[in-house]
Amino acid sequence: MSERQIQLEVLRYNPETDSAPRFQTYEVPCLNEWVVLDALNYVKDHLDPTVSYRWSCHMAVCGSCGMMVNGEPKLACKAFIHEYGDQIRVEPLANFPIERDLVTVVDDFIGKLASVKPYLIPKEDKPVSAGEYKQSPAELKTFKQYTLCINCMLCYAACPQYGLVPDFIGPAAISLAHRYNQDSRDGGREQRQEVIASHDGVWECSFVGACSEVCPKHVDPASALQQVKVASTIDWYKEHLMPWMKK
Amino acid sequence: MTVAKSNKPIVWGPFAAGGTITAFVTPVLVLLTLFAALGFVPSLLTYENLHAIAANWLGKLVIFGFILLSLWHAAHRLRVTLHDFGIRADTWVAIAVYFIASLGTVATIFYLLRIS
Amino acid sequence: MEIIKTDVAIVGAGGAGLRAAIALAEADPKLRIALVSKVYPMRSHTCAAEGGAAGVIKSDDSLDLHFNDTVGGGDWLCDQDAVEYFINEAPKELIQLEHWGCPWSREPDGAVAVRPFGGMKIKRTWFAADKSGFHILHTLFQTSLKYPSIQRFDEYYATDLLVDDGRCQGFTALEIRSGEMRQFQAGAVIIAAGGAGRMFPFTTNGAVKTGDGMALAYRAGAPLKDMEFVQYHPTGLPNNGILLTEGCRGEGGILLNKDGRRYLQDYGMGPETPVGQPVLKTMELGPRDRLSQSFWHEQQKGNTVSTRWGDCVLLDMRHLGEKKINERLPLVRDLCISYLGMDPVKEPIPIRPVVHYCMGGIHTNVEAATPLPGLFAAGECACVSINGANRLGSNSLTELLVFGRRAALSAIAHLQSGQSAGNDAALAAQAQDSEKRIQALFDKSGGTESIAGLRQEMMDTMEAGAGIYRTGEGLAATCDKIAELRQRFAGIALHDKSRIFNTDLMQALELGSMLDCAEAAAVGGRDRQESRGAHQRLDFTARDDQKFLKHSLAHYHPKEPPRIEYLDVVITKSQPGVRDYSGAKK
Amino acid sequence: MSRKPYIREMSKTNWFFSQPRYMRYMAREVTCIFILAYTILLIFALKNLADGPEAYAGFLQALNSPLGILFNLAALVGAVYHSTSWFNVTPQAMPIQRGEEFLPGNVIVGAHYGGWALISLIVLFLGV
Ligand SMILES: Cc1cc2nc3c(=O)[nH]c(=O)nc-3n(C[C@H](O)[C@H](O)[C@H](O)COP(=O)(O)OP(=O)(O)OC[C@H]3O[C@@H](n4cnc5c(N)ncnc54)[C@H](O)[C@@H]3O)c2cc1C
Ligand code: SF4
Ligand code: F3S
Ligand code: FES
């Protein structure tokens, strides 16, 4: 049933035997509706079981399969073969160390995600027996977009500032902080500001906007970051020029 | 507080405001000076008219506001741009660009006050 | 080998594992908790759940109604004490999630909204658009970051349980990135490692759902219960099994055969309801087993549409309109456009039944405890028996929460029951054995069997013999085939000899787990000579309460097929009756 | 045998050549040089204005030269690129929510372009 033969160039790196990564090319018979992940799975099952990469859901929701496809950060399960020529080159996500083949080391990202206190810090505690918080559809909509992040890290691979300054907390983590800040049930903004308004926080972002261009879930992290900057600036001026305005 | 909050908002405020102002008016101003450069001096740029505006306190304020924001916008962005070009001595760069902006600000005040 | 000593160690960081970890951390901040998962928590397959989670909250609903829907939906194979506990706890758990920030969809007045779901008599499914599982998982993961006592071991693959003195005291796990083995020593172990849908070729399940947790417990002596009950979801994409949530039908989508007829009315789910006005528990909102079975009959009659991906029926949502689809089913639209090139706003979508959920799993009681002391289980890998012979959509996500927490509480009680200290030497020796087993895989050469090849044969035989409709003959053939594959499994060899992030090794271990689960499912199905819920036999078409109102328990044997025992179903207040999904008799 | 993650360093000085979107970004950032230079020109004009009519005439004369034309042309290109790139991202920096819905981005961008045109016309009308 094969409809097309492609050449899949895969970046290989085996830390036990290689001193640097190299490319290996596979001839893969593909169906046109396939995604790059299907081609990789074909390689793994039929051509070379030693290729390592992460994946699980095959439906662009688990965030495992981020990689560079022809130089662009993509989810392998949402990169359609029919959108590419007969040569497709896959590499591990940029800006992350390579563990092995297409697998990157993501500790840095996970640590940053945890650092922004990404959980609801309620204005006041409410027992479960008191029932749910009320939240209007409009209030939900205010932050909904920023809840859609699947932690795929494509934005980190696209953001040059993260590549240049690895301490930068980065687009997804700051967007997540913004998500909770904007939630009508939350009262924890002050606490999160300490992290995200710090030097390595939002101020390392120069609004390149690449993060939003590559985000597969249309989270628009660039937008979140600019909003955080605006709010932090207003905070600062309020605090320093109008100290009496401080809550 | 665990990590100190950054003081970037001080300069980011004028950067953002300046970016907006310059986006709205700089192109048309350049157009006017371009006319002057081409030998056709627009009425706004004649000595009499411009002097009249700058002599007026409201006029002074508007000119000052525009130049101030425009300077600080450009200075701050220049700092980031130099960083992007690989110049990593951010502290020195910051001192240099903000010094230029301060100098321009002071000069503007000085000249505006001399016009009466 | 490094030894990690903790109070409670959890295998699996999906919805159930995370909920358990949080419950432990909340109950006692001094508890040392190890949360071990073969993937980063947010990659767990809970993220793929779309439709929602059931729990009684609205005033027109009642706990009794939820009870009846669940027990009837499960064809009376549910343990009713467990169901009762479940429906009671469900609303509290969902509100708790709301308090943790889950972005549930809302009514105009700000209250949480509920949607209709298959087999439920009343709208009671809480949802967050059509990304409910995703939001639940991320809310739980993010909330878990609040608790410093939850120590995570991400990308660690649990290989064997450590059992000494008749109780479970930990397990071994492989750190995937370094290839090094670790020994987790714990006062109690909770398995929350998800389902095993990957043993079938067409499935909505992600690559991680390989039944590892079930196999861990099974090999250590805890029986697997009701494994023959495998749920097909009636609406999967025909090319890659991606699920289109039941919410599609809940919102008013209809199913058509090649003649444009709403064929469900021909299978006891009629009469036809008006298009776009779904009526609960009838037609398209019948239960999943019935809908999937109707597909099979239509296919036999030649009423299905043939597409290049095989026989399909059509899911028509056009009448819902673009606005409603975007608002309530944005993911569904995106999936159809992306993976099929078809827009549900403009055209009906071809779909087919796909394997979705394992009703069976590690045998637990209402306290989430397995027969093996110190071992607890929750989530899809467990069978506490609230799902019986057929799970109702949206009960599973709630189950993760309710029994995830329950497992945590039981584990604490177990810790407090005063156990003698473990025998370190005995545990270490077991851990060494486990390491040797893996080492042997590395050292072995000249194997002739390929992992992908064996896996394919397994999936094919499961589909052929243990699919929507089964026969004694087909099941017997599948049993033989799986037994053969288990033998041949000894002949595999690793191609990848690197220690670092060796996915070849992972796939080998996962295949081993799946073969064990598959055998339990096939043998259980062969021996269950009746039709009930998701288990439909063409040679025994009736339900047989006389003989089979019983759970099957499969006991592991390293070389031979499992030994099957039967256990009475717990019935408290609902006697077996007729499952009626025709709208007429209401 | 053990882990040995491979780190790919990003070049600090020519990274922006690697992708067109980075080039577009750098072009936008570099507009600040034109804005800065032009602002300095304005300050210079003020100085001459303060120095009296002759000085100012001298300033206008100096402007009326190939170099002056070139400078203004370059500044015009830079300023226009700055304006468009600035307006195009305003919906991201300042989204506006009305009731449940957000104002569509192109409405916000459109409003900015409209305002820009209006301001430019007024200045031209009054100034020429
Ligand atoms: C597409 C889809 C849609 C669904 N929609 C709904 C719905 O709308 N409503 C509903 O109620 N239910 C739904 N379900 C069912 C429900 O989502 C699942 O049953 C549930 O999410 C399972 O959760 P879990 O926590 O048990 O396991 P999972 O979320 O699968 O997590 C398993 C965890 O175990 C870990 N693990 C596994 N093996 C090992 C090992 N060897 N070592 C270490 N860790 C291991 C994994 O890393 C993972 O963290 C859906 C299921 C699917 C597939
Ligand atoms: S913001 Fe977008 S690109 Fe970044 S991690 Fe989240 S989903 Fe991925
Ligand atoms: S690409 Fe990077 S610089 Fe900011 S806008 Fe996005 S985080
Ligand atoms: S496999 Fe889950 S996002 Fe691609």
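Just so it is clear: chains get the letters A, B, ... in the order the sequence lines come, proteins before strands, and each one is counted from 1.
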Quiz item: With no hydrogens and no angle check, is any side-chain donor or acceptor of Arg8(D) less than 3.5 Å from a backbone partner on Pro97(A)?
Solution: no
Quiz prompt | Residues of residues 101-116 of chain D within contact distance of chain A, non-hydrogen under 4.5 Å | solution = Glu101(D), Phe102(D)
Quiz item: Heavy atoms, side chains only, cut-off 4.5 Å: are Lys4(D) and Tyr13(A) in contact?
Solution: yes
Quiz prompt | Heavy atoms of other groups near Leu241(A) CG, more than 12 under 6.0 Å | solution = yes
Self-check item: Distance, nearest 0.5 Å, that separates CG of Asn14(A) from OH of Tyr6(D)
Solution: 14.5 Å
Quiz item: For the residue pair Leu164(A) and Lys12(D), what are the closest heavy atoms and their distance?
Solution: O-NZ, 3.8 Å
Exercise. Using a heavy-atom cutoff of under 4.5 Å, enumerate the residues of residues 48-60 of chain D that contact chain A, numbered in order, or state 'none'.
Key: none
Quiz item: Measuring heavy-atom distances to chain D, does Val208(A) have an atom under 4.5 Å in its side chain, in its backbone, in both, or in neither?
Solution: both
Practice problem: Name the region of Asn95(A), side chain, backbone, both or neither, that has any atom closer than 4.5 Å to a heavy atom of chain D. | Solution: both
Exercise. Check Ala93(D) against Val230(A) and note the closest heavy-atom contact, atom names and distance.
Key: O-CG2, 4.3 Å
Practice problem: Using modelled atom types only, decide if a donor and an acceptor are shared between the side chain of Gln97(D) and the backbone of Ala138(A) within a distance under 3.5 Å. | Solution: yes
Quiz prompt | Distance-minimising heavy-atom pair for Gln92(D) and Asp220(A) | solution = NE2-OD1, 2.7 Å
Exercise. Compare every heavy atom of Pro160(A) with every heavy atom of Trp15(D), then report the nearest pair and how far apart it is.
Key: CZ3-CB, 3.4 Å
Exercise. Under 4.5 Å heavy-atom distance to chain D, tell me which part of Ser212(A) shows up: side chain, backbone, both or neither.
Key: side chain
Practice problem: Heavy atoms only: give me the nearest Glu16(A)-Ser2(D) pair and the separation to one decimal. | Solution: OE2-N, 4.5 Å
Exercise. Tell me, for Pro92(A) versus chain D, whether the close heavy atoms (under 4.5 Å) come from the side chain, the backbone, both or neither.
Key: both
Quiz item: Where do Pro95(D) and Gln227(A) come nearest, in terms of heavy atoms and distance?
Solution: CG-NE2, 3.3 Å
Quiz prompt | Proximal to chain A - members of residues 77-84 of chain D, heavy-atom separation under 4.5 Å | solution = none
Self-check item: From CA spacing to verdict: side-chain contact (heavy atoms from CB on, under 4.5 Å), Glu100(D), Leu140(A)
Solution: CA-CA 9 Å; Glu100(D) 217 178 299; Leu140(A) 173 63; over 6 Å; no
Quiz item: Which of residues 17-26 of chain D get closer than 4.5 angstrom to chain A, counting heavy atoms alone?
Solution: Gln19(D), Arg21(D), Tyr22(D), Arg24(D), Tyr25(D)
